[in-house]
Amino acid sequence: MCPNADTVGLHGWTAVPVDADAILKESPKVQEYAKEKLPIETYNHSMRVFHWATIIARQQFPTYASSLSPSTLAIGTTPSARASTQLSFEFQGGFIALQLIQHQLGGAQSQAEAVAEAIIRHQDQGAVGTITFLGQLIQLATVYDNMSERPYLVHPQTREQVVTKFKRCGWSRCFSKALRAELEEKPWAHTTHLGSEKFPNGVRFNKLMEEYDAWTE
């Protein structure tokens with residue numbers, strides 16, 4: 001399928017720098033699927049990322065497409081998903097999303113592929129090359145939730161409102177444990193490019209979200 005101007009802008013394929021600093025001067029059916037298939041910790045993470053991404057898009061990128069939906073970006077981290085494939089969890093999650101959106105929910109091919117690409121590349125951090133707008137947005141929101149990079153992107157009051165609705169339930173410990181399990185089971189995993197110790201530790205000791213990790217009610 002050849003790209004065209006309409007689908008590039010509409011579905012978030014616009015090329016933007018991988019280096020986030022260089023650019024910083026919800027489908028109900030998808031949500032239902034995520035809620036059914038994901039543990040509460042992972043579901044809440046996905047919903048927080050959706051809200052962080054929406055906030056970041058409206059404040060930082062008002063001229064770009066901002067039509068988002070809660071995604072299955074972390075579905076590849078569940079034990080059953082990890083055990084079902086030798087793929088790194090980002091790739092597994094992207095392929096699941098592609099099949100879900102295009103074939104089960106009848107979404108447009110370009111939309112399904114945009115979401116899949118964003119999920120596959122949501123840990124491709126760096127300062128060289130380009131990435132789709134949707135991919136950059138999901139990357140910014142995910143890193144904010146997992147490691148609290150660029151804390152200025154979300155106002156503290158807004159952060160508390162989102163975390164109150166979609167509690168972390170010990171997400172820092174939960175995701176760090178999932179990362180270590182992935183690295184042990186798949187020493188070739190894509191996560192290794194972020195550092196086999198640095199990344200899980202960065203997630204585990206997320207100081208900005210530390211007080212929220214204890215919230216369960």
Side-chain angles (χ1 to χ4, degrees), residues 1-3 7-24 27 30 34 38 42 45-54 56-57 60-61 64-78 81-82 85-102 107-150 153 175 178-179 182-183 186 188-196 198-200 202-203:
M1 177 181 178
C2 295
T7 60
V8 167
L10 178 63
H11 293 141
W13 282 100
T14 306
V16 297
V18 169
D19 183 2
D21 286 331
I23 59 174
L24 285 175
S27 165
V30 174
L38 298 177
T42 310
H45 165 67
S46 295
M47 292 304 298
R48 288 193 306 273
V49 167
F50 163 67
H51 284 283
W52 305 143
T54 300
I56 293 167
Q60 302 290 339
F61 312 107
Y64 284 102
S66 58
S67 177
L68 299 171
S69 65
S71 77
T72 57
L73 70 92
I75 195 169
T77 66
T78 63
R82 287 202 318 269
T85 181
Q86 291 180 300
L87 292 169
S88 298
F89 81 85
E90 307 96 322
F91 293 86
Q92 173 74 338
F95 297 149
I96 290 173
L98 181 69
Q99 293 297 315
L100 171 68
I101 296 171
Q102 185 174 356
Q109 178 181 342
S110 180
Q111 180 186 33
E113 290 175 350
V115 173
E117 171 118 347
I119 293 174
I120 289 169
R121 295 194 62 190
H122 82 275
Q123 291 202 130
D124 274 352
Q125 299 176 48
V128 178
T130 59
I131 191 171
T132 68
F133 166 71
L134 183 61
Q136 177 65 273
L137 192 59
I138 295 301
Q139 189 177 107
L140 283 167
T142 302
V143 173
Y144 176 83
D145 197 62
N146 286 338
M147 300 179 73
S148 296
E149 288 190 8
R150 302 180 182 87
L153 288 173
F175 186 48
L179 287 172
E182 167 104 335
L183 290 166
K186 304 170 185 176
W188 57 83
H190 184 247
T191 293
T192 57
H193 95 105
L194 295 174
S196 297
K198 181 180 178 181
F199 186 43
V203 170

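Residues: numbered from 1 along the sequence shown.
- A side-chain donor-acceptor contact under 3.5 Å links Q139 to the backbone of D124.
- Between the side chain of T54 and the main chain of F50, a donor-acceptor pair closer than 3.5 Å is present.
- The NE2 atom of H51 sits 13.0 Å away from atom CD1 of I56, with the distance rounded to the nearest 0.5 Å.
- For the residue pair V115 and A97, the shortest heavy atom distance occurs at CG1-CB, 4.1 Å.
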For side chain to side chain contact (heavy atoms under 4.5 Å, CB included), just list the numbers for I119 and I138, CA-CA rounded to whole Å, side-chain angles, deciding distance to a tenth of an Å, and then say yes or no. CA-CA 8 Å; I119 293 174; I138 295 301; 5.8 Å; no

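- Remark: T77 OG1 to E90 CD distance equals 10.0 Å, nearest 0.5 Å.
- Nearest heavy-atom pair across P200 and L179 is CA-CD1, 4.1 Å.
- Contact detail for G94 and A116: the closest heavy-atom pair is O-CB, 3.4 Å.
- For the pair K186 (side chain) and S88 (backbone), a donor-acceptor distance under 3.5 Å is absent.
- A side chain to side chain contact (heavy atoms under 4.5 Å, CB included) with R121 is found for one member of I131, T132, L134 and no other, namely I131.
- Contacts of F175 classified as ring pair (Phe, Tyr, Trp, His ring centres under 6.0 Å), with partners at least two apart in sequence or in another chain: W171.
- With H193 contributing its side chain and Q123 its backbone, the two residues share a donor-acceptor pair below 3.5 Å.
- Q125 CD to Q136 CD: the interatomic distance, rounded to the nearest 0.5 Å, is 9.5 Å.
- Annotation: side chain to side chain donor-acceptor pair (under 3.5 Å) contacts of Q102 (sequence neighbours excluded): none.
- Contact record, A118 with G135: CB-CA, 3.7 Å, taken as the closest heavy-atom pair.
- Expressed to the nearest 0.5 Å, how far OG1 of T142 lies from CG of L137 amounts to 9.0 Å.
- The minimum heavy-atom distance linking T191 with F199 is given by the pair CG2-CD2, 3.6 Å.
- For the pair R150 and Q60, the minimum side-chain heavy-atom distance is 4.5 Å or more.
- With hydrogens and angles ignored, the 3.5 Å screen pairs a side-chain donor or acceptor of W188 with a backbone N or O of Q86.
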Determine whether N146 and H45 satisfy the following criterion, side chain to side chain contact (heavy atoms under 4.5 Å, CB included), listing intermediate values before the conclusion. CA-CA 9 Å; N146 286 338; H45 165 67; 3.4 Å; yes

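- Across every non-hydrogen atom of S196 and L183, the tightest pair is O-CD1, 3.5 Å.
- At least one donor-acceptor pair closer than 3.5 Å links the side chain of S46 to the backbone N or O of T42.
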Could you give me the CA-CA distance, side-chain angles and deciding distance for R48 and Y144, then say whether side chain to side chain contact (heavy atoms under 4.5 Å, CB included) is met? CA-CA 10 Å; R48 288 193 306 273; Y144 176 83; over 6 Å; no

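- Put simply, the side chain of L87 does not reach to within 4.5 Å of the side chain of H190, judged on heavy atoms.
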List the steps, then state whether side chain to side chain contact (heavy atoms under 4.5 Å, CB included) holds for F95 with T85. CA-CA 11 Å; F95 297 149; T85 181; over 6 Å; no

